[in-house]
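In what follows, a single structure is set out as structure tokens and then discussed.
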Amino acid sequence: MRRHRGWSLLGWASLVAGVSALLLTACSSGPPDIVSRRDVPTLPTETRSSPPQDAASQSATPVDRTDLLAVYRAWWKAVEAAFASGDPDHPDLARYGGDPILGAEQRQIRTLREQGIVQRTMLTLRPRIVHQTGDIAEIADCLRGPARTYYDAVTGQLRAPRGYDNESPTKDALLVSAHRRGGYWYVVAATNEGVQPC
Amino acid sequence: MLSRSRPVASALLTVVLSALVAVASLAMPAAAAPGDAGPPAEPPGSAIGDGAISDTGDYIAASNPDPTVDITSSGIRQNACQRVAGVVTAQERAEYQGGVDPRVEGRWEYRLCAADEATARRYASAHPDVASARQFCANQANACAVLPYWQPNNPPPDNVEIRGRVSFFSGYLRFTPSLGTAPPFDAGHGVITNFPTWVWDRIGNPVQPIALPIFRGVTGIAIRLRNTWRTDGRQFCTKLGTVYNPARHRPADPSPDCGYTYRNQGRYEIRGCKTWLVIVYRPPWFVIVFPMTLCRSFNVPVLETQVLLGEREARVRPS
């Protein structure tokens, strides 16, 4: 039996890599489309770093919409859910948010969806109310997220959208304004204008 | 025969696999070179965080919860305040309401603020001392203001105590037009067809203190730049309007600057807009300038009337 000579370790590694890539490509099916949450691999558990009260909630605990911080946290949970499913019309968005932030996040979801990408993340929040009077409030926060949160909506593989890095955790320093209408709070706008870094 | 084809197939396979490895290696992050110890990069923002951010003008405009008031803003004007020479008085230091607590190391200065950087530079250059700058800005038409300011030596931390933090909200209605008309349009009355209607803004202050619940709360002043009035599908005036005074004006005279004559009875909307130049202290150490336009609409009944009364009474009240 003749044995192949001249195949180095690199050659065998290349063969394995190439065959793996071919298999993954063959497993993808259909045109790019948003898949339901159950079709996409779940986040690796080691990236969960949120304190329990900010962890992704799968429970149906009703939110007290007269409580400013409860609504604030519920808004970001709704945003996480909408980005994870690629659904700009997720019902919780309009329950806790209003324009312009509502329309802005919906546009962002559509932008990712056009690239066939969803973002599945779990944000760590540390909100600080910096101003509240009557029906207006402003909250300062640093939204921290783990690395590796962008996925191909079809294959479930890690894939970053244009202009974003999938290998680094994220931080967004924001000032967020909220209004109370009819007794209920709504998150309505956010800015990073002149906001000091986290 | 098979043995002759094997070396060629093997070479082709090697080339293809090498290409795959090359592509895979491009997708992997490059390893840092030894000794490459630059400062750690700031974590980037996320698509969610970036998606939340509004244009600054929209953020400013969104701060108003009153659905009867529309607000637009084109955002903060960068470098719209320039230093002018002068020694800040003890009284002004004691009354200082904005910006950083002067217990932070720094120095007192005066700043001339105008609609934009070019205008501020031009004004400050032409009036480099506080006295001439204040005299110049006292003319409302110049749309500028001179403010005392504590310039910190170093940027203070984000949570530094801010003097004069906004603890109240003065309300946007003071900055929207308040419609006055002759004949009066309010309850029980209406303006009259084919009869000159005078229009004016009942809030005529050219400069007002302002406090806004944005950017951690800002305080300062607002300088009125212009009014606009619109009705019946057209803009008919860009001024405050003259208040009708029966002691000085003849009833049938049209307004000298802001008036309209309706031809048909019905319910009309008069929409008044007022544009301000807002100059406020923004914690922790900025003075910021931005224009802000506030609009309100008023429902105005227009009536036909037989003018059986004297003209003077018709101006005051339709029959």
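Chain A is the first sequence line, chain B the second, and so forth, proteins listed ahead of strands; every chain is numbered from 1. Hydrogens, waters and symmetry mates are skipped; everything else that's a heavy atom, side chains included, is used.
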How many angstroms lie between [atom1] in [X] and [atom2] in [Y], if you round to the nearest 0.5 Å?
X: B:Asp50; Y: A:Thr111; atom1: CG; atom2: OG1; result: 11.5 Å
X: A:Ser177; Y: B:Asn64; atom1: OG; atom2: CG; result: 11.0 Å
X: B:Ile214; Y: A:Glu138; atom1: CD1; atom2: CD; result: 7.5 Å
X: B:Ser54; Y: A:Asn192; atom1: OG; atom2: CG; result: 10.0 Å

Discussion item. Only pairs of heavy atoms separated by less than 4.5 Å count here; which of A:Glu105, A:Gln108, A:Arg180 has the most with chain B?
Written reply: A:Glu105
Worksheet item: If you count heavy-atom pairs under 4.5 Å with chain B, which of A:Ala173, A:Ser168, A:Gly145, A:Pro169 comes out on top?
Response: A:Pro169
Discussion item. As a test of understanding, state which of A:Leu175, A:Ile101, A:Val176, A:Val188 forms a side chain to side chain contact (heavy atoms under 4.5 Å, CB included) with B:Tyr59.
Written reply: A:Leu175
Discussion item. Which residue in the set A:Val79, A:Asp172, A:Leu112, A:Thr149 passes side chain to side chain contact (heavy atoms under 4.5 Å, CB included) when paired with B:Ile48?
Written reply: A:Val79
Response to the item:
If one checks every heavy atom of B:Ile76 against chain A at 4.5 Å, the contacting part turns out to be side chain
If every non-hydrogen atom of [X] is compared with every non-hydrogen atom of [Y], which pair is closest and at what distance?
X: A:Tyr164; Y: B:Ser46; result: CE2-C, 3.6 Å
X: B:Ala52; Y: A:Trp76; result: CB-CH2, 3.8 Å
X: A:Ile136; Y: B:Ser63; result: CD1-O, 3.7 Å

Response to the item:
Most contact-rich option vs chain A, by heavy-atom pairs under 4.5 angstrom, among B:Ala62, B:Gly51, B:Gly45, B:Gly49, is B:Gly51
